[in-house]
Amino acid sequence: MTKERLITLIVGAALGASFIGLRSCASSEGSAASEGADSPGEEASWTCSMHPQVQQSEPGACPICGMDLVPVRAGEAELPPNRVVLSERARSLAKLRTEPVRRQARSTEALTLLGQFEANERTLRTVTAWTAGRVDRLRVNATGQRVRAGQVVATLYSPEVFTAHQDLLVAKRQVDRLRASPAASRQAAEAALEAARERLRLLGVPDDALARLEGQARPTRAVSIRSPFGGTVIERLVTAGGYVATGTPLFRVANLSTLWLQLDAYESDLSRLAVGQQVLVRVDALAGESFEGSIDFIEPTLDARRRTVKVRVQVDNREGRLRPGMFAEATTVAPAQADQPNPLVIAHTAPLFTGRRAVVYVEVPREERSTYEARTVRLGPRLGDSYPVVAGLSEGERVVTRGAFALDADLQIRGGTSMMTAPDDGSEGDWDQVAAVSPAERARLSPVVRAYLDVQTALADDDLSPAKAAASALVQATDGVGFSGAAENVWQDLAAALRGPALRVARADTLEVAREGFEPLSEALIRLLARFGNPLEDSLRLAYCPMAAGSEGARWVQRGEVVDNAYFGASMLTCGEVRQELSQGAFAREAALASGSP
C-alpha cells in the first residue's frame with residue numbers, strides 16, 4: 001500500500017465516521033433506512049465504516065477492528081456500486097458544493113527558467129593534421145582566438161613529407177632534362193613524376209599545397225596546416241613540440257554568431273513549453289538588456305536524479321556580446337493556439353487522488369434525489385487553481401468541489417467502488433492508453449468516424465446497400481490515418497479491431513449478418529473514442545439497448561439525441577437509452593458504458 005493511499009484511507013475513515021451523522025439525518029426524512037434496524041418488514045443490515053466487506057443482520061462490533069457497526073440504508077443494495085444518494089438535509093449538512101466542468105482560456109502566465117550558454121553544436125568544426133609529424137610552431141596558441149578560412153594555424157615537421165617532396169623535385173628536374181629525349185624516356189620520367197605526386201597525395205597533401213610544393217626549389221621542412229573554415233577557437237588540443245598522427249585533432253572551432261542556451265525545466269513545466277515558442281533572455285553581465293530567442297529543441301528524456309529536462313533556445317549573437325559559459329534567465333509566455341479549443345478544467349479541490357489515479361464525484365442530472373456518481377478521470381498537471389481534464393468528463397457536467405471526501409466515505413461504508421476500494425495505480429488500463437494528440441492530429445480520424453456513422457444510419461433505416469458501401473469506405477479510411485510515437489501504436493491496434501468487423505458488414509448478404517458485424521465494429525469505435533476523443537465538430541451520443549445481441553445488450557454511437565437503434569431498425573427503432581454525450585474532443589467513458597452498466 002502506497003503512502004498516499006494509507007493517508008487517504010485514514011482521512012476517509014475519519015470522514016466516514018463523521019458522515020454517519022449525515023446518514024442518520026437522511027434517515028429521519030425517510031430517504032434512507034428510516035429507523036435503521038427498527039423498520040417493520042425490512043431486513044436490517046449493519047456494516048463497518050473501516051471494513052465495508054463486513055455485513056451483519058444485527059448491530060454490534062466489527063470482528064476485525066472492533067468499531068461499532070453502522071446501519072445500511074434500506075434500498076442501498078439496489079443502487080449502482082459507484083453512486084451515492086442524499087436527502088436535501090443530508091446534502092446541506094455535508095455542505096456539498098458543485099461546479100460545472102468548463103473551458104478555460106489557455107494560460108499566458110510567464111514561466112522563468114535558468115540556464116547556461118553553450119556553443120551552437122551545428123557550427124562546431126575540428127581542424128586536424130593531414131599528415132603525421134612534430135608540431136614545430138602553433139600560429140594559433142590560445143582559445144578564444146578568431147581564425148579565417150584558409151589561415152595557417154600550425155606548422156609541422158614531417159620526415160615523410162620531406163622525403164616525398166624531395167623525390168617530387170628530383171622527378172620534376174628529370175622530366176625537364178629529358179624534354180628533347182626519345183618518347184619512351186620522356187614517358188618514363190613523367191610516370192615517375194606522377195608517382196611522386198600520388199605519394200604526397202596519399203600522405204594527405206591537398207592539391208593546392210601540392211602545386212606550391214612542386215614549384216619550390218628545395219624540399220620543405222615545414223608543413224603548413226590551414227583551417228578549412230573560419231570561427232572562434234573554443235579548444236586547443238596540441239602543444240608545440242608534440243608529435244601527431246594523420247587525422248589528429250588540433251583545434252576545435254565554432255561560429256559564435258548564434259549560441260545555444262540550455263535551460264533546465266522541471267517536468268511539471270513541460271505542458272507550458274513547445275518548440276518554436278519565443279523567449280526573452282537576460283544575463284547578469286548585461287544588466288538592463290534582453291535578447292530574443294526561440295525554443296529549438298526539448299530533450300525527450302528526463303534527468304532521473306534532478307527531475308529536469310533540457311530545453312534548448314537558439315539566440316542570435318552576431319554582435320558577439322554573449323559568450324559560452326554565461327548564466328542566463330529566460331522568460332516565456334505560453335501562447336494560446338488559435339486552432340485548438342480551450343481545455344476543459346475542474347477546480348483543484350474536486351479530484352481525490354490515490355497515487356496517479358484521480359476520482360471525482362459527478363452530479364447525476366434528472367434524479368428525484370441528489371445523486372452523485374464516482375468517476376475515475378485522467379487529469380493533466382495542475383495549473384493554478386484548476387486541473388485540465390484529459391479524459392473522463394464532458395463540458396457542462398457538474399462535479400463536487402467541496403464534500404467529495406464525505407461522499408466517498410459514505411460509498412465506502414456501503415461497500416461500493418469508492419476511491420479507497422478501487423484498484424491501485426496502473427490497473428485502470430483505459431486511461432494509460434489515452435493517446436496524447438493535438439486537435440489537428442485527432443481530426444485525422446474524422447473520415448473513420450463519419451463512415452461508421454453512415455453504417456449506423458443505414459442499418460437503423462434497414463438499408464443494407466448503403467451500410468455495405470459505408471463499411472467499405474471505413475476500411476479505406478483506416479488506411480489513410482497515421483500518427484507518430486506512442487499514438488501510432490494505439491492506433492494500429494484500433495485499426496485492426498475496426499477493419500475486421502467492417503469487412504464483415506461490407507460482405508454481408510442480409511441485414512442480420514450486417515448487424516452481427518456492427519456490434520464488434522461499435523465496440524472498436526467506442527474504444528477509439530475512449531483513446532483519442534471525438535474528432536468531429538458535431539456532438540456524438542453513446543447509446544445502449546438491453547434487448548440487442550440476443551438480449552445480452554449492445555452499444556453503438558450515433559449523432560442524434562433520440563435513440564436510433566441500428567440493431568432492430570424500424571421494428572424497435574427507439575429501444576434503448578443515450579448514456580453519454582461527447583462534444584468535440586471529449587473522451588468516451590469506456591468502462592462506465594459497459595453493457596448493463598449505468
Side-chain angles (χ1 to χ4, degrees), residues 111-130 138-154 204 206 208 225-238 244 246-267 269-270 272-286 289-303 306 308-335 484-485:
L111 177 65
T112 300
L113 304 173
L114 300 178
Q116 188 173 6
F117 281 107
E118 295 179 358
N120 185 339
E121 290 182 7
R122 297 192 182 101
T123 68
L124 290 179
R125 302 289 187 271
T126 302
V127 180
T128 61
W130 51 263
L138 288 176
R139 301 292 183 89
V140 176
N141 56 15
T143 58
Q145 288 186 244
R146 293 185 60 82
V147 296
R148 304 180 310 275
Q151 178 181 338
V152 177
V153 294
D208 58 343
I225 305 296
R226 299 175 183 271
S227 175
F229 25 72
T232 302
V233 176
I234 62 172
E235 189 176 7
R236 178 172 61 84
L237 302 171
V238 294
V244 296
T246 302
T248 299
L250 305 179
F251 302 94
R252 298 197 190 279
V253 179
N255 186 341
L256 301 183
S257 61
T258 61
L259 293 180
W260 281 354
L261 175 58
Q262 296 283 13
L263 302 171
D264 290 316
Y266 289 102
E267 53 185 315
D269 297 330
L270 292 179
R272 300 161 63 186
L273 298 171
V275 173
Q277 194 171 350
Q278 295 298 308
V279 299
L280 200 64
V281 179
R282 296 181 178 86
V283 294
D284 291 339
L286 301 171
E289 296 188 51
S290 60
F291 302 83
E292 292 185 354
S294 60
I295 295 179
D296 185 55
F297 180 72
I298 300 175
E299 283 195 359
T301 57
L302 184 77
D303 186 321
R306 300 177 61 194
T308 59
V309 171
K310 288 292 184 183
V311 177
R312 188 173 72 210
V313 175
Q314 184 163 305
V315 181
D316 189 343
N317 188 40
R318 280 174 287 190
E319 296 182 0
R321 307 184 66 193
L322 301 173
R323 292 172 171 79
M326 279 184 170
F327 287 104
E329 178 184 88
T331 303
T332 179
V333 175
S484 59

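- In this structure a side-chain-to-backbone donor-acceptor pair under 3.5 Å is present from Gln116 to Gly325.
- Under the 4.5 Å side-chain criterion, counting only non-hydrogen atoms from C-beta, Leu237 is in contact with Arg252.
- Taking all atoms of both residues into account, the shortest heavy-atom contact from Leu259 to Arg323 is CD1-N, 4.0 Å.
- Counting non-hydrogen atoms of neighbouring residues, nucleotides and ligands closer than 6.0 angstrom, the CZ atom of Phe297 exceeds 12 such neighbours.
- Surrounding CD of Glu235 are more than 12 heavy atoms belonging to other residues, nucleotides or ligands, all under 6.0 Å away.
- Screening Thr308, Leu114, Val311, Ile298 for a side chain to side chain contact (heavy atoms under 4.5 Å, CB included) involving Leu263 leaves a single residue, Val311.
- The two atoms that bring Ile225 and Ala129 nearest to each other are CD1-CA, 4.3 Å, heavy atoms only.
- With hydrogens and angles ignored, the 3.5 Å screen pairs no side-chain donor or acceptor of Thr232 with any backbone N or O of Val253.
- The shortest heavy-atom contact between Lys310 and Asp264 is NZ-OD1, 2.9 Å.
- Tested against Leu250, the residues Val244, Thr128, Thr126 include a single side chain to side chain contact (heavy atoms under 4.5 Å, CB included) partner, Val244.
- Arg282 places no side-chain N or O within donor-acceptor distance of the main-chain N or O of Glu329, the cut-off being under 3.5 Å.
- Nearest heavy-atom pair across Leu256 and Ala119 is CD2-CB, 4.2 Å.
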Test side chain to side chain contact (heavy atoms under 4.5 Å, CB included) on Leu286 and Phe291; report intermediate values, then the result. CA-CA 10 Å; Leu286 301 171; Phe291 302 83; 3.5 Å; yes
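- Proximity of Leu273 to Leu113: side-chain heavy atoms (C-beta onward) are separated by under 4.5 Å at one or more points.
- Within the 4.5 Å cutoff, side-chain heavy atoms of Val281 are placed close to those of Phe117.
- Looking at Val140 and Gln151, their side chains come closer than 4.5 Å, going by heavy atoms from C-beta outward.
- Only one option out of Leu280, Thr331, Thr332 pairs with Thr112 in a side chain to side chain contact (heavy atoms under 4.5 Å, CB included); it is Thr331.
- Here the closest heavy-atom approach between residue Val283 and residue Ala328 is recorded as CG1-CB, 3.6 Å.
- Counting heavy atoms from C-beta outward, Leu138 and Phe251 have side chains that approach closer than 4.5 Å.
- With hydrogens and angles disregarded, no donor-acceptor distance shorter than 3.5 Å links the side chain of Asn255 to the backbone of Thr123.
- Looking at Ser294 and Gln278, their side chains come closer than 4.5 Å, going by heavy atoms from C-beta outward.
- Residue Glu289 qualifies as enclosed at atom CD: its count of foreign heavy atoms under 6.0 Å is above 12.
- Interatomic distance, Asp303 CG to Tyr266 OH, rounded to the nearest 0.5 Å: 10.5 Å.
- Contact between Leu124 and Ile234 at its shortest, heavy atoms only, is CD2-CD1, 3.4 Å.
- Using a 4.5 Å cut-off on side-chain heavy atoms (C-beta onward), Thr258 and Arg122 make no contact.
- The structure places CE of Met326 at 12.0 Å from CG of Leu261, a figure rounded to the nearest 0.5 Å.
- Val127 has its side chain out of reach of Val233: every pair of non-hydrogen atoms, C-beta onward, lies at least 4.5 Å apart.
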